[in-house]
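The block underneath contains the structure these notes are about, expressed in structure tokens.
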Amino acid sequence: MNIPNCPVGVFDSGIGGLTVVKELQKFLPNENIVYFGDTARLPYGSKSKRLVTKYSLENTIFLNSKNVKIVVIACNTASAASADFLKQFIKIPVIGVIEAGALLAAKYSKNKKVGVIGTKSTVKSRAYSKYINKLDPTIKVYEQSTPLLVHIVEENWINKNITKSILKEYIDPLIKLGIDTLILGCTHYPLLANSIKECTKSITLVDSSTAIATIVQNTLEGKKILSNRKTKGYTHIYLSDLTPEISIWMNDFLGENFIGKIKKYNSQLL
Ligand code: DGL
């Protein structure tokens with residue numbers, strides 16, 4: 001096994017984690033990427049910590065079977081529930097998306113009032129508050145669960161007027177609390193960034209996919225396992241369910257320069 005040229009493993013409950021894949025492709029164009037999206041069992045955000053940890057473990061075992069050199073949890077819900085457990089379970093580095101977003105928010109907030117939107121499970125875990133307050137205990141963190149948004153993205157209702165009304169309903173209470181920074185605490189939400197910006201105006205949005213790409217790069221560099229490939233890497237995408245709608249959406253999202261393949265993965269684990 002040639003570790004530097006082994007792929008980077010990424011998983012999410014669905015297609016939202018592809019926002020992280022896009023950033024990784026930009027930052028680390030020579031890396032191969034294996035992505036697993038658990039579309040058959042989405043959403044994770046309304047499930048118990050125990051079940052999300054079980055799914056995350058199964059996803060990690062699948063990625064490990066593809067000889068990945070690092071596992072990126074491109075799902076806030078799975079990071080909150082299982083990052084600590086997975087770090088102990090597997091010998092390769094495991095990076096969770098929450099630590100990345102917390103780091104950026106603590107850096108950006110001037111008035112030390114940070115809002116977070118995320119799934120019910122992520123908000124219930126208070127993982128963002130814990131990470132941010134570890135960095136700076138004086139920052140006030142206000143967390144708001146926004147359970148409808150994952151379905152809106154998966155249905156591709158991104159630019160509908162009703163989506164803008166729902167966003168306003170969720171985000172206005174945070175704006176009233178005076179936040180100057182808002183964490184998009186779910187990897188599906190960057191796909192709604194334009195509509196979110198219409199509600200938040202001058203508030204700084206934190207998209208943890210950018211932050212996580214830098215952390216992955218630093219980790220690979222630190223462990224001397226960056227790819228030494230000179231050509232562009234491929235991305236293999238495995239989904240536990242693949243509908244025609246998702247295929248169309250993914251082809252649009254990944255664009256024509258996409259090098260790789262999209263497959264349905266039928267595992268006995270699932
Ligand atoms: N994309 C996942 C996250 O970042 C959540 C989607 C779900 O509820 O499954 O939290």
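Remember, it's 1-based here, ligands and their atoms both numbered in the order they're listed.
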- Here the atoms of ligand 1 under 4.0 Å from any heavy atom belonging to Pro43 are 7 (C), 8 (O), 9 (O)
- Task: Considering only non-hydrogen protein atoms, determine which one is nearest to atom 1 (N) of ligand 1 and report residue, atom name and distance to 0.1 Å.
- Result: His188 ND1, 2.8 Å
- Message: Using a 4.0 Å heavy-atom cut-off, which part of Cys75 comes near ligand 1: side chain, backbone, both, or neither?
- Response: both
- Item | Identity and separation of the nearest protein heavy atom to atom 10 (O) of ligand 1 | Thr77 OG1, 2.7 Å
- Could you tell me whether Glu99 and Lys134 make a salt bridge, using a distance below 4.0 angstrom between a side-chain N and a carboxylate O? no
- Query: Tyr44 heavy atoms, cut-off 4.0 Å: which ligand 1 atoms fall inside?
  - Reply: 7 (C), 8 (O), 9 (O)
- Message: List ligand 1 atoms under 4.0 Å from Asp12, heavy atoms only on the residue side.
- Response: 1 (N), 2 (C)
- Item | OG1 on Thr219 to CD1 on Ile70, rounded to 0.5 Å | 5.0 Å
- Message: How long is the straight-line distance from CD1 of Ile73 back to OG of Ser82, given to the nearest 0.5 Å?
- Response: 4.5 Å
- Message: Assess whether a salt bridge exists between Lys160 and Glu155, defined as any Lys/Arg side-chain N lying under 4.0 Å from an Asp/Glu carboxylate O.
- Response: no
- Test side-chain hydrogen bond (donor to acceptor under 3.5 Å, both in side chains) on Ser227 and Asn5 and set out the steps. CA-CA 5 Å; Ser227 164; Asn5 287 330; 2.8 Å; yes
- Query: Which residue and non-hydrogen atom of the protein lie closest to atom 6 (C) of ligand 1, and at what distance in Å?
  - Reply: Ser13 OG, 3.2 Å
- Query: At under 4.0 Å between heavy atoms, which part of Thr119 makes contact with ligand 1: side chain, backbone, both or neither?
  - Reply: side chain
- Contact (N/O only, under 3.5 Å) between Ser46 and ligand 1: no
- Query: Nearest 0.5 Å, what's the OG1-CG distance between Thr187 and Asp207?
  - Reply: 9.5 Å
- Residue from Thr122, Val116, Asp12, Thr119 passing side-chain contact (heavy atoms from CB on, under 4.5 Å) with Asn76: Thr122
- Message: Just to confirm my output: which protein heavy-atom neighbour is closest to atom 8 (O) of ligand 1, and how far is it?
- Response: Gly45 N, 2.8 Å
